[in-house]
Amino acid sequence: MSLIEVMLDDGSVQSYVSGITAGEIISEQFGRKHGCVAAYINDEARDLSTIIDQNCSLRGIFSDSDAGMDILRHSAAHLLAQAVTALFPSAKPTIGPATDRGFYYDFANLKIGDNDLKVITKKMNELSRKNLLVERVECSEDELQDLFQANPFKIEIINDKIEEGTGSTIYRQGEWYDLCLGPHVPTTSKLMNVKLTSISSAYWRGDQSREPLTRIYGIVEPSKHALKETLRRLDEAKKRDHRKLGKDLQLFHIDESVGQGLILWTPRGAIIRNELQQFISQHLSRQGYQQVFTPHIGKLDLYRTSGHFPYYQESQYPPMIPRDVMAKLASEGCDCSQLANFLDEGQIDGYMLKPMNCPHHVKIYASQARSYRDLPLRFAEFGTVYRWEQTGEISGMTRVRGFTQDDAHLFVTEDQIAEEIQGCIELVQIIFSNLGMKDYRVRVGLRDPQSEKYVGDAKRWDLAEAACRDAAQSMGVQWTEEEGEAAFYGPKIDFVVKDVIGREWQLGTVQVDYNLPERFDLKYKGSDGEFHRPVMIHRAPFGSMERFCGVLIEHFAGKFPTWLSPTQVHIVTISEKQADFAHELTMKMRNAGIRVEIDDSDATIGKKIRTHRSLQPAYILVIGEEEKATNTVSIRARSGIQESGIPIDDFIEKITDEIERKMPIPSIVADSVEDEAK
RNA sequence: GCCACUGUGGCUUAGUUGGUAGAGCACCUGAUUCGUAAUCAGGCGGACGGGAGUUCGAAUCUUCCCAGUGGCUCCA
């Protein structure tokens, strides 16, 4: 019996009898309830059942770490597949990875509904309770072929992923086994606290031409308490979903008779949008932007030149063709496919809802002879664009078919690019920091070298991509490069944030474009007397007003800073006797530029508070006999904290200051304490 | 676009095996004038997303369309 030396994670080196398992060492170290799911052996993640027979380092992987949760989730996916195949023997498991919030498993040949989730969960719990040992088994390729012969998906993985003649491992729990590299939790009892959340679909290997699969999503936590907590958090997140809050707070409306993905900004929402636009406009004039206005439509030929119509037809609203042209075509017996051909070939022209503002701005540039002395030229417009998004993709305000970009196009010389990108990024950062949006990532979107969808030559692309990289680098924040995330005309720097349910949305964006100037043959006269080609920079710090507001609603959970609150102050009276005083007060505050709403109805004060707080004004002022007598107000913050006897002028001065300084949190009265309705 | 699920008055929602819809909030009216999360009473309002079908009879079954939700794919 030989001894081996193991270095533990506290740095100490202990001797053990060779042949001990990793799990046994961990149990010695942390006790039996160690909450450990696997271990790093020489920094490699392995099962707790791994036998230690030589000197090594050993570090437990606990379920409170990302790596630990990953293993727990992956194991839960196995348990899910075990339960599903037990209940639906014809279902064929394909793959089942962990995600950063839970896990899923994709099955072929499985048709289930929501009700089945309960049954499957029950089965999972039952299997979990059996405390099945999760065993790793090394198999040769032939053995694998044999074990999975009934499952063509697994066979495909074996054939594709496993090197000829090397074999791999399976994990076995009870009767069930799956092709897997592991590691996994030691027993199924670790997987008691699971919840299956939804059913959806996917395609085998993400390829629409391959088999459709049924995907089951779930979450798992190490303890009952943690599961409950996670479910509660998910529930909380749902409450701040902008689609719900948008309705509750009367910020926007989507009406099916207007159209899918078309936002109707209701008065309260319009205020928020307007404030944001005014806010950015200040910075635009400071940075030397010039405002322009352009129409919502343009001729097809314009978009033929820009490349939008030929390359992105399927994501645009269909063209509008003049009536007389239609009538003539009809009388000639023209069918739809001929019509499409005529449109493609440019034999007939029509109009299109603009998918982007740039062609219009390009035409403004081209409307005059430009000299290098004019550059950079910066044309800004809150321009509304229309895009034919796929039906299944449209969602709330974040993915829509008509939206307003806080757009601008900068026409610059090559050596102005870097500085101008800097200015654009500064705008985004001003917005984000002002609104306290810290949780975002920066992505430099590059072209996918495999794809044909991009316009322009490679040399230009290289230059533009280099410019974006340099700009990102000089920002001093973390950024990543992603191939295939470029616009079709150029690379870009995107600011990406997550919504409450974890979906990522691109907000601010800065894009470098060598192509449109080329396509439209834009020029400026240089100091050398020769014509040169300007470079365009597209940028939208908010991205789209719709998407930005959607994300912002969730960011603030509907509790906007005072300057953005649709109504900043709600005045409620205790009784009819203070009505006159309250109206005077309202007028006084409105004259000071404060958005005030008044309620002098005969409802009880409790009722009024309840009604008005649901609209989340920054402050509610309660006006009773005392306030009237002393010319003061009683302030109630969203937190429920109140302060009485504040002189009116005092309050007006403070709130005006708060609004002007765009304070992120109303702070005349403490807003920090939450007393959520039960 | 694909897969699954959902769709009842402005909002939230009940509606068992098919027999022509119940409620709360909101709204209106009356009473009440009451100090900080819902005063009391009465009333208006829906043929159940839309069309077609099965049936003596459908919100409840079938089918097509529309919209929403969760995903997939796609996102200039």
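Protein chains get the first letters and strands the later ones, always in sequence-line order, with residue 1 at the start of each.
Separation of the C1' atoms belonging to B/A31 and B/U69 is 45 Å when rounded to the nearest angstrom. With both ends at atom C1', the span from B/G49 to B/G10 equals 16 Å, rounded to whole Å. With C1' as the reference atom, B/C27 and B/C11 are 12 Å apart, rounded to whole Å.
Regarding contacts with the backbone of B/G70, a side-chain N or O of A/Arg503 is found under 4.0 angstrom from either OP1 or OP2. Residue A/Thr391 has a polar side-chain atom (N or O) positioned under 4.0 Å from OP1 or OP2 of B/G1. Listed pair A/Lys608 / B/C34 fails the phosphate criterion, with no side-chain N or O lying under 4.0 Å from OP1 or OP2. Side-chain N/O atoms of A/Thr604 include one lying less than 4.0 angstrom from OP1 or OP2 on B/U39. Taking only side-chain nitrogens and oxygens, A/Gln260 comes nearer than 4.0 Å to OP1 or OP2 of B/G68. Side-chain nitrogen and oxygen atoms of A/Arg243 include at least one within less than 4.0 Å of the OP1 or OP2 phosphate oxygen of B/G70. At B/A37, one or more side-chain N or O atoms of A/Arg636 fall inside 4.0 Å of OP1 or OP2 (strictly under the cut-off).
The glycosidic torsion of B/A52 lies more than 90° away from 0, placing the base in the anti range.
Using modelled atom types and a 3.5 Å distance limit, the side chains of A/Ser644 and A/Gln642 yield no donor-acceptor pair.
Across all strands shown, A/Tyr104 has no heavy atoms under 4.0 Å from either base or sugar-phosphate atoms.
Salt bridge annotation for A/Arg447-A/Asp462: present, with a cationic side-chain nitrogen under 4.0 angstrom from a carboxylate oxygen. The pair A/Glu156-A/Arg210 meets the salt-bridge criterion, with a side-chain N (NZ, NE, NH1 or NH2) lying under 4.0 Å from an Asp/Glu carboxylate O. Under the 4.0 Å criterion applied to side-chain N and carboxylate O atoms, A/Arg304 and A/Asp301 are assigned as salt-bridge partners.
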- line: Letter by letter from the 5' end, nucleotides 25-30 of chain B scores (B base, S sugar-phosphate only, - none; protein heavy atoms under 4.0 Å) SS----
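Using bins of under 30°, 30° to 60° and over 60° for the plane-to-plane angle, the ring pair A/His538/A/His409 lands in the perpendicular bin. Between A/Tyr311 and A/Phe488, the ring-plane angle classifies as tilted under the 30° and 60° cut-offs. Relative ring orientation between A/His361 and A/Phe379 is described as perpendicular, the plane-to-plane angle rising above 60° on a 0-90° scale split at 30° and 60°.
RNA chain B is contacted by both A/Met356 and A/Glu626; A/Glu626 maps to the nucleotide lying nearer its 5′ end (nearest heavy atom per residue).
Atom P of nucleotide B/C72 and atom CZ of A/Arg399 are separated by 12 Å, given to the nearest angstrom.
The base of B/G71 sits within donor-acceptor range of the side chain of A/Ser201, with an N or O pair under 3.5 Å. For A/Glu627 against B/G35, a side-chain N or O and a base N or O form a donor-acceptor pair under 3.5 Å.
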